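Positions are given from 1, in the same order as the sequence printed here. Every value quoted in this text rests on a predicted model; they were computed, and no experiment measured them.
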Amino acid sequence: MKVLIADDHHVVRRGLLFFLKTQKDIEVIGEAVNGKEAVEMAAALQPDIVLMDLVMPVMDGIQATRKIKEQNPHITILMLTSFSDRDHVVPAIEAGAAGYQLKDIEPDELVASLRSLMRGENTLHPKATSELLKGPAEPPPHTVNLLTPREQEVLFELTKGKSNREIASALFVTEKTVKTHISNIFTKLGVQDRTQAALYAVKHGLTEPAQ
């Protein structure tokens with residue numbers, strides 16, 4: 001089988017190359033240092049399998065997997081990464097990866113995974129499988145407990161570090177009204193204080209005033 005290695009760490013690529021060279025039925029035909037290179041090399045070299053790292057510069061492994069599968073659906077992708085949490089596993093599988101293994105895998109197990117993929121079987125690390133079996137992740141609170149337009153405006157002002165008085169002045173309301181809105185925001189977002197509310201807003205892209 002022809003294998004393309006995509007990983008931004010030189011030591012990892014070297015280690016994989018040297019080990020895979022010891023396998024008579026495996027030929028490493030290229031090494032990519034980022035997702036963009038992986039997409040280009042996959043198109044040019046037509047490997048059977050791409051060993052894909054998840055976190056890489058220029059283009060990450062998930063984006064690269066999606067592009068490779070769009071352009072060359074017959075190429076099989078095996079994710080080889082350090083991350084086993086749901087936020088990495090699910091997008092990788094959705095992008096088209098047929099396998100997901102962690103970098104602490106034994107070399108012989110990695111080869112077994114490659115051979116399984118060549119037989120058309122999917123291979124998932126037990127930790128990745130357990131993440132998939134957990135079911136859908138809980139939706140963020142603000143998508144369930146919708147903020148009113150005014151609450152969104154107060155939250156927007158809050159992310160700028162303004163006091164209640166400054167927020168009241170900016171929105172032409174009383175400080176008491178601002179306090180009520182902030183209390184409602186805390187409850188709806190499940191946060192305890194202004195700092196947590198501001199961090200939540202930044203994390204979930206709620207840093208623009210309501211339209």
Side-chain angles (χ1 to χ4, degrees), residues 1-138 140 203:
M1 73 184 84
K2 296 183 295 182
V3 175
L4 170 65
I5 299 170
D7 197 299
D8 61 321
H9 291 101
H10 179 73
V11 172
V12 174
R13 292 198 313 275
R14 291 289 92 182
L16 287 169
L17 176 64
F18 288 136
F19 175 71
L20 293 178
K21 270 187 172 180
T22 66
Q23 307 300 309
K24 293 180 180 179
D25 58 339
I26 297 175
E27 178 189 3
V28 177
I29 60 172
E31 299 175 53
V33 300
N34 58 56
K36 184 172 182 290
E37 269 195 15
V39 174
E40 293 168 351
M41 294 179 74
L45 301 175
Q46 293 294 303
D48 297 306
I49 296 177
V50 179
L51 263 178
M52 183 78 75
D53 188 19
L54 203 56
V55 179
M56 292 184 288
V58 186
M59 181 187 292
D60 65 34
I62 291 171
Q63 290 175 292
T65 295
R66 189 174 292 112
K67 284 187 174 294
I68 289 172
K69 295 302 288 186
E70 285 173 359
Q71 298 171 9
N72 306 275
H74 59 282
I75 294 178
T76 300
I77 312 287
L78 172 59
M79 288 292 183
L80 186 62
T81 177
S82 305
F83 301 95
S84 61
D85 58 285
R86 183 181 181 80
D87 289 343
H88 289 95
V89 176
V90 173
I93 301 303
E94 288 178 343
Y100 196 106
Q101 296 293 345
L102 300 185
K103 286 182 176 177
D104 61 1
I105 189 173
E106 291 294 328
D108 290 340
E109 289 180 34
L110 177 59
V111 170
S113 293
L114 291 171
R115 290 174 180 147
S116 293
L117 288 173
M118 286 300 290
R119 294 194 299 268
E121 302 167 9
N122 289 9
T123 66
L124 294 176
H125 190 282
K127 287 182 181 178
T129 303
S130 66
E131 288 295 326
L132 291 176
L133 292 176
K134 284 181 181 177
E138 288 294 319
K203 180 180 178 181

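Identified under the salt bridge (Lys or Arg N to Asp or Glu O under 4.0 Å) test for residues 56-81, with sequence neighbours left out: none. Identified under the ring-ring contact (aromatic ring centres under 6.0 Å, His included) test for residues 60-83, with sequence neighbours left out: Phe83-His88. For residues 105-120, the pairs satisfying side chain to side chain donor-acceptor pair (under 3.5 Å) are Gln23-Arg115, Asp25-Arg115, Gln101-Ser113, Ser116-Arg119, Arg119-Glu121, with sequence neighbours left out.
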Next on the checklist: Run Glu31 and Arg14 through side chain to side chain contact (heavy atoms under 4.5 Å, CB included) and show every step you take.
Outcome noted: CA-CA 9 Å; Glu31 299 175 53; Arg14 291 289 92 182; 2.4 Å; yes
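Shortest non-hydrogen contact noted between Leu54 and Tyr100 is CD2-OH, 3.6 Å. Smallest separation of non-hydrogen atoms from Ala32 and Ala38: CB-N, 3.5 Å. Taking each heavy atom of Ile75 and Pro47 in turn, the nearest pair found is CG1-O, 3.5 Å. Between Ala43 and Asn72, the closest heavy-atom pair is CA-ND2, 4.0 Å. Closest of all the heavy-atom pairs between Ala64 and Met52 is CB-CE, 3.7 Å.
Separation of atoms CG (Leu110) and CG (Leu102) is listed at 11.5 Å; rounding is to 0.5 Å. Here the CD1-CD1 distance, from Ile77 to Ile68, works out to 4.0 Å after rounding to the nearest 0.5 Å. Rounding to the nearest 0.5 Å gives a distance of 4.5 Å between CE of Met1 and CD1 of Ile26. The CE atom of Met79 lies 3.0 Å from the OG1 atom of Thr65; values are rounded to the nearest 0.5 Å. Here Leu117 contributes atom CG and Ile49 contributes atom CD1; the two are 5.0 Å apart, rounded to the nearest 0.5 Å. Distance CG/Asn34 to CG/Asp8: 8.0 Å, rounded to 0.5 Å.
When side chains are defined from C-beta on, Arg13 counts as touching Val33, because their heavy atoms get closer than 4.5 Å. Considering only heavy atoms from C-beta on, Leu114 comes within 4.5 Å of Leu20 through its side chain. In this structure the side chain of Lys2 never reaches within 4.5 angstrom of the side chain of Leu45, judged on heavy atoms.
For Glu37, there are no salt bridge (charged side-chain N to carboxylate O under 4.0 Å, His left out) partners two or more places apart in sequence or in a different chain. Applying the side chain to side chain donor-acceptor pair (under 3.5 Å) rule to Lys103 yields the partners Asp7, Asp53; only residues at least two apart in sequence or on another chain are considered.
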Show me the side-chain donor-acceptor pairs of residues 90-99 shorter than 3.5 Å, one per line, residues at least two apart or across chains.
none

